[in-house]
Structure formats: C-alpha cells, structure tokens
Student: 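Got a structure for you, written out below as structure tokens; questions coming shortly.
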Amino acid sequence: MSLKIKALKKSLWVYHMSGGSCNNCDIEILACLDPRFDIERFGMTLVGSPRHADVLLCTGIINKKCVERVKEVYAQTAKPCVVVAIGACSCSGGIFRDGYQMGGPLDKLIPVDIYIPGCPPKPEAMIAGIVKLLEKLK
Amino acid sequence: MAEDKKKKVIVPIGPYHPLLEEPEFFALYCDGEKVVDVDWQAGYNHRAIEKLSEAKHWDQVTFLVERICGICSTSHPFAYCNAVEDLLGASVPERARYIRCIIGELERIHSHLLWVGLAGHFLGYNTVFMWAWKYREPVLDMFEIITGNRNHYAMFKIGGVRRNIEEEDMPALRRVLKGLKVQLEMLTHAVLDDPVLGARLKGVGVLTKEHIKNFGAVGPVARASGIGGDIRKDDPYAAYPMLDFKVITAEHGDVFDKAVVRLLEMFESIKIIEQSLDAIEGKGGDIQTEIRDIPPGEGIGRHEAPRGECFHYIKSDGTNRPVRHKIRAPSYTNIPTFKASCIGQMIPDVAIILAGVDPCYCCTERVAVYDAGNKKKQMYDFSRLVEMSRQKTEKIKKEI
Ligand code: SF4
C-alpha cells in the first residue's frame, strides 16, 4: 500500500456534485450527516471545493450542459481521488436514459471506482458502499 | 444598462454547489457590498422530462414525474393524477383521497424541516440543522412504514393509490406523529424566540404584496407577504374539502416571516394527517378505481406543493401515451423574485435571501467576484458566502 493510499484512507473528505439529478440522492447524502447516521464520526465530511476532496460523489444523469463541468471538476481534484457514482441516474441513466439531454452515464466521462445503485440509495447503502471502498483500498 | 452593469462588480453564484440540489447560476451585480442587480441562468438540471413523458405509458409517467424533484416527490404525481382524472372525469375512492392527503402533508413537513435545517446551517446555527434533520427522520420513518421507501414513494396511480395504509400500522403512525408534535413545538419556539435570529432575519429580503403580484410568486413566499393563496382551499381536490385546516399567512414578507409561515404550516399538516387517520381508521374500502383507456381530451391538475402551486397539463389523443405534457413547478415563479428581494441588500445576506425562497438554492457553489474596472478577479466559493453570513450572525450575537 502506497503512502498516498494510506493517507487517503484515514479520513475521507468528500466533495459532492450533482449533474442534473432530482435532488433526492443529494438529500440522502446530506442525511448521512444528520444525527441518526452521523458519518462524521468516521472522519468523513463534506468539503466545499474539489481541490480538498479525496472522494468525488456524483449524482444525476450529467446532462449535456454539465458534461464539461464534471470533467473540469474531476481534473481539479488531487489524485488519487475516488469517484463514486450514486443513484440509478449516474450509474446508468435510470429513467432518463433515453432523453435528449443525457450526457452521461458518469463512467463514460470519468473513471468510476464504485457504483451505489438505488433510486435513491438509502444512507445505509451509501455507508455500506463507502465501507466496501475502504476495503478495496487496502 | 449594459454599460452600467460593466462598471459593477459581478458575483457569479454557481452553477455548482457543495451541499445539495440543482446546479443553477446566479450573477450578482454589486456596488461595494451592495447588490444592485441579479441575473439567473438555468438549464443545468434539464432532463427532458416533458419530452420523455410523451414516449411513456400513462402509468409510467407517474414514476417519471415523481423523479422531477426529490423533495416534492409526491407533488408532481399528485398534480399529474389530478390532471388525468380531470380528463377522465373519474372519481377516486374516499380512502384513497385521504391517503393522498396524508402523503402530501407528510411531504410538506419533511420539506419544511429540511428548509429550516438548511437555513440554520447558512446562518451558522448548526444546532438548528442537526435538530431539524433529526426530527425529519421520524417523518421519513412514517413514509417507510406506509410506502416502503424513504423518498420516491411510488404511491400514486391514476385512479387511486398503489398501497393501502394497513390498520396495524396506525398505532405506530400516531405515536410518531405525537412525538413529532412535541419536538416541532420545541424547535419552533427555539427558532422564533431567538433574539439573534430575529435581528438577523427581520427586514431582510422583503417582498411586498406588489412584488408578489408582479412576479406571480406562490406558496409560502406569497403567504409570508400576506397573500393567502393556497390551492388546497381555492380549488379543493382529494380530501381537502373534508378537512379542517388554516392557511397560515404573515405580514412583512421578510425571511423571518417566511420561516414563521413554514414552521406554523407544519402544525396544520399534522392536524390534517390526524384528521385523515381518524377518517380512514377501521373503515376499509377501495383504494383504486380500475381505469382502462384514456379518451382524447385535455386535463389540468394542480396541487399545493410545499413550495407553492404545482401545475400539470396533459393532452391525450386516445393512444396509450400523452401527446403533450406541460409542467410548471412553483420555484419557476418564485426564483425571479430575487430580482426584488436581493436588490439593495448586502452580500452576506444574499445566501439567506436565496435560501428564504426555498428554491433549489444550494446551487450556490463557486462564487467569483469580477471587478471589470481594474481587471481583478477574485474567486469566492459558496463556503465563503456562508462564512460571511455566519460572521454577520456572530456580530449580531455579540451586540445583543
Ligand atoms: S437516482 Fe433516483 S433519486 Fe437519484 S437523482 Fe436519479 S432519479 Fe433522483
């Protein structure tokens, strides 16, 4: 395990970005921070800038207007950076797959490390996903 | 005007946001600390829903419109089903009407709590955020008991609802509701009696009656300015005519009054849910009517979503899919009120004014200050805006 990965694993800072979602995935991500799920006790927190992020959470179909911006944000993150596709939308396009505004799914644009399906995935599912991610990093 | 604008400092907000909701873009034109004009650019969240709807079966559209917005994930199916039932002239069984109201009102509570939490967060009151989101969880539990999912409940169906509220779930629902009432009372007093919040929010982002009429604003935004429009009363549907509740209004139209309206509305919602549970408990009955063909014609459906009137228009040519489906969501008319409420205000207040309308505001991600005059460019991010907002709260705290 390289030093970088070792450092990355300690306390994950998460940048969340929505590329044309219905908000619900985004709200469930926030719900992970509330007193019931409280992922901050594991050292995870949301940060306001991609440059501080260890993990990039991406939701939504990534519509055509967002495509360039998503690539830009990914380019701005410090590597190694883990990309998580949250929700049916960013995994596959979900119900909006056939729409003319579909710019994604996410893995067409940037490399994705884990997929958390669901519409929306429950906070438990997201936490389980992150735990698996930590396992994978080891 | 264009010349004029060039001299001002431009503060673009968005399109990306660190917290939640849709990406949108605002540009604030500033003169020093003062905002003199606002521009709005949307489209970062366009998902071709109206077009997709024309390619889906009538029943599938219910699930599609549910995914327009995650917070109002009942409002759109509600309005859509109203529209199709208007076209059909179909009537919905009584039990289904009450269940629809229960879901609609639960959604109002969870949406308003979410707003209160985020507003607190922007003001630097993270305790309020944690409280509000903690009390929101029991509401989501109720959703889980009734529908099986925390969000995107898939309850609606043309002609009724898809799932019944089982008799054995009733005691659990009532228990949660009772606990919720106590918690909400505590939260409401804590927020409304706080002198700092009062000083911070009163007189900020005022919208007068004139503004509301000119912009056509709806929902809590309009009610906070004293215009009591509420589709549940004005054009009753589902079980609302049978239920007893008040439309909450306030006078001043500032952010504080918007908070008052939202907080008090939650108690009305609890009242409605209790009455609805009383009405259906132990009665049984159908929850859906069989609907086979949709004849050619047009239909209009409305619903009072947590943010205001949600409007759906559908047109059928007798096939199994709509030929035209037009949707107007409440934020669409509420967001342009920034033109009135932000102008003349200070930059630290902007975050909370934008939040006050409860649009999809966290769009406020990257804020860059451009000074066209001396070609200086300074990047602000949203956290900086929130930071400024919090510093102002701190200052007021010290003064009081
Ligand atoms: S996956 Fe579902 S909940 Fe998540 S953004 Fe897409 S439609 Fe919304």
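Below, chain A is the first sequence line, B the second, and so on; all start at residue 1. Scope of the values below: all heavy atoms of this structure, side chains included, with no hydrogens, waters or symmetry mates.
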Student: With side-chain contact (heavy atoms from CB on, under 4.5 Å) as the criterion, how do A:L33 and B:W133 come out once you've worked through the C-alpha distance, each side chain's angles and the decisive distance to 0.1 Å?
Tutor: CA-CA 9 Å; A:L33 294 174; B:W133 282 63; over 6 Å; no
Student: Looking at B:C69 and A:N23, what are the two nearest heavy atoms and their distance?
Tutor: SG-ND2, 4.0 Å
Student: From A:L30 CG over to B:L114 CG, what is the distance, rounded to the nearest 0.5 angstrom?
Tutor: 7.5 Å
Student: May I ask you to name which of A:K64, A:E28, A:M102 has the most heavy-atom pairs under 4.5 Å with chain B?
Tutor: A:E28
Student: Do B:R136 and A:I27 come within less than 4.5 Å of each other through their side chains, counting heavy atoms only?
Tutor: yes
Student: Under 4.5 Å, counting heavy-atom pairs only, tell me which of A:I62, A:T59, A:I61, A:D38 racks up the most with chain B.
Tutor: A:I61
Student: At a 4.5 Å cut-off on heavy atoms, which part of A:C119 comes close to chain B: side chain, backbone, both, or neither?
Tutor: both
Student: Going through the distances and angles, do B:E66 and A:C22 end up as a side-chain contact (heavy atoms from CB on, under 4.5 Å)?
Tutor: CA-CA 9 Å; B:E66 188 161 36; A:C22 78; over 6 Å; no
Student: Do A:R36 and B:D141 sit within salt-bridge range, that is, some charged N less than 4.0 Å from a carboxylate O?
Tutor: yes
Student: Only pairs of heavy atoms separated by less than 4.5 Å count here; which of A:C89, A:A31, A:C25, A:G60 has the most with chain B?
Tutor: A:A31
Student: Checking heavy atoms, do the side chain of A:I95, its backbone, both or neither come under 4.5 Å from chain B?
Tutor: both
Student: With respect to chain A, which residue among B:M130, B:K134, B:R67 yields the maximal number of heavy-atom pairs within a distance under 4.5 Å?
Tutor: B:R67
Student: Step by step, work out the side-chain contact (heavy atoms from CB on, under 4.5 Å) result for B:F129 and A:D34.
Tutor: CA-CA 8 Å; B:F129 171 75; A:D34 76 9; 5.7 Å; no
Student: Quick check on B:E144 against chain A: is it the side chain, the backbone, both or neither that has a heavy atom closer than 4.5 Å?
Tutor: side chain
Student: With a 4.5 Å cut-off on side-chain heavy atoms, are B:I49 and A:F96 touching?
Tutor: yes
Student: Are the charged groups of A:E124 and B:R150 less than 4.0 angstrom apart, N to O?
Tutor: no
Student: Check whether more than 12 heavy atoms from other residues, nucleotides or ligands sit under 6.0 Å from atom CZ of B:R324, and answer yes or no.
Tutor: yes
